[in-house]
Amino acid sequence: MPRIGDSAPDFDAITTIGNVKFSEFIKGSWVILFSHPADFTPVCTTELIGFATEKEFFKAHNTKLIGLSIDSIHSHIAWVHAIQEKTSTLLEYPIIADIDMKVSKLYGMIQPGESETATVRAVFVIDPQGKVRLIMYYPLNVGRNMDEIKRTLVALQTADDNKCALPLNWKKGEKIVVPAPRTVEALTERKATYFLRAKKVIPGGVNSPVRAFKSVGGDPLFIKKGNGSKIWDEDGNEFIDFVCSWGALLYGHSHPRVQSALKSVIEHIGTSFGAPTLREVEFAELIQILVPAAEMVRLVSSGTEATMTAIRIARGYTGKDKIIKFEGCYHGHGDSFLIKAGSGATTMGTPDSLGIPKGFLQETLCAEFNNIKSVETLLNANKNQIAAIIIEPVAGNMGVVPAHTDFLKELRKLCTLNNIVLIFDEVMTGFRLSKGGSSELYSITPDLITFGKIIGGGLPVAAYCGKKEIMSYVSPEGGVYQAGTLSGNPLAVAAGIEILTMIKEDPPYNQLNNQAIFFTNELKYTLKKIGMPYQINQVGSMLSLFFTDVPVTNYANAKTSDTKKFAVYFNKMLEQGIYLPPSQFEAMFLSTQISDADISQTIEAFTHALN
């Protein structure tokens, strides 16, 4: 690659088109410098990318040097700001053009005699005056590619006074249209337009707060479609998806078996009856087969509905009112759960939200995750008053933080000893970490379990289940009331049956675990090489990167993370086509559709984002 001080190649001495000198051919044209992303290593970007000499050549021949093109820029936009900053004084219009090989083929940018790996291309546009213009792309490392330049230019067809080259299938009078350059600024402007429109009719512009990108800055993506491991926004930009609908999509987007099951229900069954169906029974039986601790199952429509009902059942079963939750664990937006810890065991907590009655502050106690002594202290201060202890066995809403096995075993002992219902909230982890849930993973049997996300295959369905003795308290068999019009609706049940059948037939956990371990090790290697303080917690196909040097085993540790650094990192990854959870305190998820190529691209993006 050229460096400052290098002399520009003598184009005219090397290349002619027939009897026309190169400098004459490009006179009046627009030229964009082109390079493969591999040329933009961290070392290169710390120096001024050296094409000042080329600029002088083009300037002398009335040719506008209008920008820099990076192949497959959607995967490498992390470099955009650095490159623009370093080239802004050299370029008349410092734009970034999005050019990849598929687009090149479609718009005739691959010329006769060129292979698909050729590094020299030409594209045709209509300029502001309505004239057809040639924009020629040539590599920064032009000295090593003069043969390709010559071969390409000889193959180009020139047309009258515009000195432009034309696609082979171009007919005189036809307009030639190419995709608009994908600049960061244009992308931001479009997203802002969508978000502004949304905020006029939806509170905050989103239907769930974390989607608003408030903790990472900028405007949220508006997703148009998903397939496999990828999602596309409303402008057609492609992203590798590590959110997976917040963990719900174990098998990725638009899985053919799920689509087929849904199509069959719509065409032959119906979408809702508000009455029992045998498919609901089949679904519950399937959960029971996979999770032996699920002696009885009740279907609902959301994770929040499942957890708040589990608490109600525990209170009805024990005749006690208070519950213990853990700092950093999220159990939905029920009033009992939106309570922060107080300053001590006997101090009431404070609400996480407006609208929480003061009475709830007395009934919800907060313990420290992975600290059994904090639980014992609460039990001693509230003897015979605790109805339930609810916990995420692997927390996902303070980032991924697994509970220690010994901690869970001691929790099980305390609950048994004190007639307390132990609830595993597996809305996020259920069927993600193992086919039998965390009770199988830790060899610990809770009294009640809540499931969601994966059991619906992307549709709204959840469940609470557990010991028959406790579940028999639910109406109409018992006195704990819970009901729902759409509970067990045919669409959600069909998707759920298909997903759980796939898990039963061929559990994907070895594949996912091995891929996640490889991915985590590569991330750790990069972070160590750079010398950046970090912690990575990984359990199965869930992982989180924390920008802190403190091991993260609870919420207090997680809060030591540098959230400003995370915000920069998130946006750098987004610019490169990697969609991560837009919060330091959320989990990344892998799906079975994430390929080795996806992992490699993400690791490459990760390296450049951190640099």
Side-chain angles (χ1 to χ4, degrees), residues 207-208 245-248 262 265 271-288 290-291 293-317 323 325 329-338 387-388 390-392 396-397 421 423-432 437-439 446-468 470-500:
N207 285 311
S208 191
S245 190
W246 302 100
L262 294 174
V265 170
T271 58
S272 182
F273 304 116
T277 67
L278 281 178
R279 294 282 277 172
E280 295 171 71
V281 179
E282 180 185 346
F283 190 24
E285 289 172 340
L286 195 49
I287 293 174
Q288 193 177 64
L290 293 172
V291 186
E295 296 175 7
M296 297 194 82
V297 180
R298 172 66 70 86
L299 300 180
V300 290
S301 295
S302 72
T304 293
E305 194 178 353
T307 53
M308 63 187 287
T309 307
I311 292 296
R312 183 180 297 170
I313 297 168
R315 285 172 169 154
Y317 173 72
I323 67 168
K325 65 182 285 287
C329 286
Y330 177 74
H331 306 292
H333 62 269
D335 287 352
S336 296
F337 306 128
L338 296 179
I390 185 168
I391 187 171
E392 292 180 280
N397 289 278
V421 175
I423 304 171
F424 275 7
D425 178 355
E426 295 217 58
V427 169
M428 185 178 290
T429 58
F431 303 105
R432 173 156 285 283
S438 292
S439 55
D447 300 306
L448 293 176
I449 309 171
T450 60
F451 290 124
K453 297 186 185 293
I454 285 175
I455 69 166
L459 274 74
V461 65
Y464 57 89
C465 50
K467 292 181 178 178
K468 184 175 182 178
I470 301 175
M471 290 291 291
S472 64
Y473 273 70
V474 178
S475 178
E477 186 172 352
V480 176
Y481 191 76
Q482 177 269 315
T485 299
L486 296 177
S487 296
N489 75 83
L491 280 171
V493 166
I497 288 175
E498 202 61 42
I499 289 294
L500 295 189

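The shown structure was predicted, so the numbers you read here are calculated from the model rather than taken from an experiment.
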Find the distance between NZ (K453) and OG1 (T429) and round it off to the nearest 0.5 Å.
-> 10.5 Å
Decide whether S272 and N489 meet the rule of one side-chain donor and one side-chain acceptor closer than 3.5 Å.
-> no
dist D425:CG -> H331:NE2 (nearest 0.5 Å) comes out at 5.5 Å
If we only count heavy atoms from C-beta on, is the I323 to R315 side-chain gap below 4.5 Å?
-> yes
Sub-4.5 Å side-chain heavy-atom contact between V474 and Y464 = yes
Do we see a donor-acceptor contact under 3.5 Å between the side chains of R298 and Q482?
-> yes
Separation between OG1 (T450) and CD (E392), nearest 0.5 Å, reads 9.0 Å
Taking the side chain as every heavy atom from C-beta outward, state whether I499 and F431 have any pair of such atoms under 4.5 Å apart.
-> no
Backbone N/O of V493 and side chain of R279: donor-acceptor pair under 3.5 Å = no
Minimum heavy-atom distance between P490 and V265, given as atom pair plus value | CB-CG1, 3.8 Å
Closest approach of I311 to A388 (non-hydrogen atoms, all atoms of both residues) = CD1-CB, 4.3 Å
Could you pull out the closest heavy-atom pair between A463 and V300, with the gap in Å?
-> N-CG2, 4.0 Å
Nearest-0.5 Å distance, CD1 of residue I497 to CD1 of residue I455 | 11.0 Å
For A306 and A462, which heavy atoms make the closest approach, and how far apart are they?
-> CB-CB, 4.3 Å
Check whether any side-chain N or O of T304 sits under 3.5 Å from a backbone N or O of H333 as a donor-acceptor pair, and report yes or no.
-> yes
I391 and F424: CA distance, side-chain angles, deciding distance, side-chain contact (heavy atoms from CB on, under 4.5 Å) verdict = CA-CA 5 Å; I391 187 171; F424 275 7; 3.9 Å; yes
Can you tell me how far CZ of F337 sits from CE of M308, rounded to the nearest 0.5 angstrom?
-> 8.0 Å
V480 and G316 have their tightest heavy-atom pair at CG2-CA, 4.2 Å
Backbone of I449 reached by a side-chain donor or acceptor of E426 within 3.5 Å | no
side-chain contact (heavy atoms from CB on, under 4.5 Å) between Y317 and D447: does it pass, once the steps are laid out?
-> CA-CA 11 Å; Y317 173 72; D447 300 306; over 6 Å; no
Say whether, by atom type as modelled, one donor and one acceptor occur between the side chain of T307 and the main chain of G332 under 3.5 angstrom.
-> no
Point-to-point distance, once rounded to the nearest 0.5 Å, from SG of C465 to CD of E295 = 10.0 Å
Under the side-chain contact (heavy atoms from CB on, under 4.5 Å) criterion, do L459 and L262 qualify, and how do the steps go?
-> CA-CA 10 Å; L459 274 74; L262 294 174; 3.7 Å; yes
A293 versus S439, closest heavy-atom pair with distance = CB-OG, 4.5 Å
Any side-chain heavy atom of F283 sitting closer than 4.5 Å to one from V461?
-> yes
Tell me, yes or no, whether the heavy-atom count around F273 atom CZ, taken from other residues, nucleotides or ligands under 6.0 Å, exceeds 12.
-> yes
